[in-house]
Number of protein chains: 2
Amino acid sequence: MTEASTAFPSSDHDHGSCVAHAVAKAEELCRSRGLRLTEIRRRVLELVWERHGPVGAYALLDTLRSEGMAAAPPTVYRALDFLQEQGLVHRIERLNAFVGCGQPDAPHSGQFLICSECGLAAEIDDPAIDRALTQAAVALGFELRGKTVELEGLCPDCRRSGNGR
Amino acid sequence: MTEASTAFPSSDHDHGSCVAHAVAKAEELCRSRGLRLTEIRRRVLELVWERHGPVGAYALLDTLRSEGMAAAPPTVYRALDFLQEQGLVHRIERLNAFVGCGQPDAPHSGQFLICSECGLAAEIDDPAIDRALTQAAVALGFELRGKTVELEGLCPDCRRSGNGR
DNA sequence: GGAGGATATGTTATAATGTTGCAATGAGAC
DNA sequence: GTCTCATTGCAACATTATAACATATCCTCC
């Protein structure tokens, strides 16, 4: 997950299977925690994974509606809240958008590389970054509860293809 | 700036002089860059510093209006855009809010400690964090353009006074 | 298997944040 | 002085998020 080849999803990977995998993982996780992965929650999770990049809440909402579901903003936000609490999706502050998390079981903070060109977001989990953050907080007597790390720039692919200048 | 005593503004420091100082610095900076620190821009900068903590765009707007200025959302957002471009204020993504920057001349990315209890935000500039971020990006072949680092938790004061549990 | 409580969803309205487009103004260059 | 360009005024609108309250569904316990 800290390797260039895996940080950004390759354009030809098998979406279907990775969505299925994520949902299966979520089901297991909910079972083990005694929580309900309801129809809506599951569908939102699937949609987030299908897109395989940051998705806005209202994009999800539109999709749900187009599928005939009765859905209003709270429907989506509540599902997203639940998924976030369980670590199944992360919110990307810079984009007001959400992405699926590949490691919902391992607690971690979510560090992202966001490509300004293609819009993809790669999650990394770099211990050195985490260590530096923790140390800074300790040094200042700050009790750390949440970390947001979002790096914006050009992903390897877009760099190669000369996009973004 | 990486010291506990200075990271968070102490409750009894001299607001007036630090606002004045920030504005003086901004004026000099604009002069040297051949830019115009107009009435609106200056006032917005002052307001951001007066609050000495994250302020929302609409809070600024309300204040401007209460002072009799003809102001609409674009008025404020344009001023904030300008100030951000010049490094005079930073945006805090987690809060959709803005804070004054004490080091507008030294280019830096803006790393924040945000207290969930008192709402203050302390800017730090920790080289170790920056190094870790840069190295992660390099390792992944990612061309870094912007960094967001926002740590949320309890500031030393609120910790001591037992707020936030 | 039915009552009751907790969890989840439906629904409507509204709040909060941010942007677009175009006209009018004003400051500095020549 | 006039030209040009940056800045501001203004109106409308777009996007993101939440509040409040009613209804439905699930689960447990008897």
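Lettering follows sequence order; numbering is per chain, from 1. Only this structure's heavy atoms are used, side chains among them; waters, hydrogens and symmetry mates stay out.
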Would you list the pairs meeting salt bridge (Lys or Arg N to Asp or Glu O under 4.0 Å) in which at least one residue belongs to residues 66-91 of chain B, sequence neighbours left out?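 Residue pairs passing salt bridge (Lys or Arg N to Asp or Glu O under 4.0 Å), neighbours aside: B:Arg43-B:Glu67, B:Arg91-B:Glu93.
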
Quick one: list whatever passes salt bridge (Lys or Arg N to Asp or Glu O under 4.0 Å) with [X], sequence neighbours left out.
X        : value
B:Glu28  : none
A:Asp130 : A:Lys147
A:Lys25  : none
B:Glu152 : B:Arg94

For the helix from C:dG1-D:dC30 to C:dC30-D:dG1, what is the angle between the axes at its two ends, each from 5 pairs, rounded to 10°?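 What I find for the helix from C:dG1-D:dC30 to C:dC30-D:dG1 is an axis angle of 30°.
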
Extract all donor-acceptor atom pairs below 3.5 Å that involve side chains of residues 29-42 of chain A and protein atoms in other chains or at least two apart in sequence.
| from | atom 1 | to | atom 2 | distance (Å) |
| --- | --- | --- | --- | --- |
| A:Ser32 | OG | A:Leu29 | O | 3.0 |
| A:Arg33 | NH1 | A:Gln86 | O | 3.4 |
| A:Arg33 | NH1 | A:Gln86 | OE1 | 2.8 |
| A:Thr38 | OG1 | A:Arg41 | N | 3.4 |
| A:Arg41 | NH1 | A:Arg36 | O | 2.7 |
| A:Arg42 | NH1 | A:Glu27 | OE2 | 2.2 |
| A:Arg42 | NH2 | A:Glu27 | OE2 | 3.4 |

Figure out the [atom1]/[atom2] separation between [X] and [N], and round it to whole Å.
X       : N      : atom1 : atom2 : answer
A:Asp62 : D:dA17 : CG    : P     : 14 Å
A:Glu39 : C:dT9  : CD    : P     : 10 Å
B:Leu61 : D:dT8  : CG    : P     : 15 Å
A:Leu37 : C:dA8  : CG    : C1'   : 13 Å
B:Arg41 : D:dT7  : CZ    : P     : 4 Å
B:Glu93 : C:dT17 : CD    : C1'   : 12 Å
A:Leu80 : C:dA8  : CG    : P     : 15 Å
A:Leu64 : C:dT9  : CG    : C1'   : 13 Å

Can you give one letter per nucleotide of nucleotides 9-16 of chain D, 5' to 3': B if a protein heavy atom sits under 4.0 Å from the base, S if only from the sugar-phosphate, - if neither? BBB----B

Please encode protein proximity along nucleotides 23-30 of chain C as a string of B, S and -, counting only heavy-atom distances under 4.0 Å. ----S---

Please name all residues satisfying ring pair (Phe, Tyr, Trp, His ring centres under 6.0 Å) with A:His13, sequence neighbours left out, ordered by chain then number.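 Only A:His15, A:His52 meet the ring pair (Phe, Tyr, Trp, His ring centres under 6.0 Å) criterion with A:His13.
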
Please list, chain by chain and in numerical order, all residues satisfying ring pair (Phe, Tyr, Trp, His ring centres under 6.0 Å) with A:Phe112, sequence neighbours excluded.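 Checked A:Phe112 against ring pair (Phe, Tyr, Trp, His ring centres under 6.0 Å); matches are A:His90.
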
Report the C-alpha separation of A:Asp125 and A:Gln103 in whole Å, then their side-chain angles, then the decisive distance to 0.1 Å, and conclude whether the side chain to side chain contact (heavy atoms under 4.5 Å, CB included) test is met. CA-CA 10 Å; A:Asp125 188 8; A:Gln103 321 288 323; over 6 Å; no

Over all atoms of both residues, closest heavy-atom pair of B:Val99 and B:Ala121: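 Shortest heavy-atom contact: CG1-CB, 4.4 Å.
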
Residues which pass side chain to side chain contact (heavy atoms under 4.5 Å, CB included) with A:Ala57, listed by chain and number, not counting sequence neighbours: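 Listed in chain order: A:Val76, A:Tyr77, A:Leu80, A:Phe98.
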
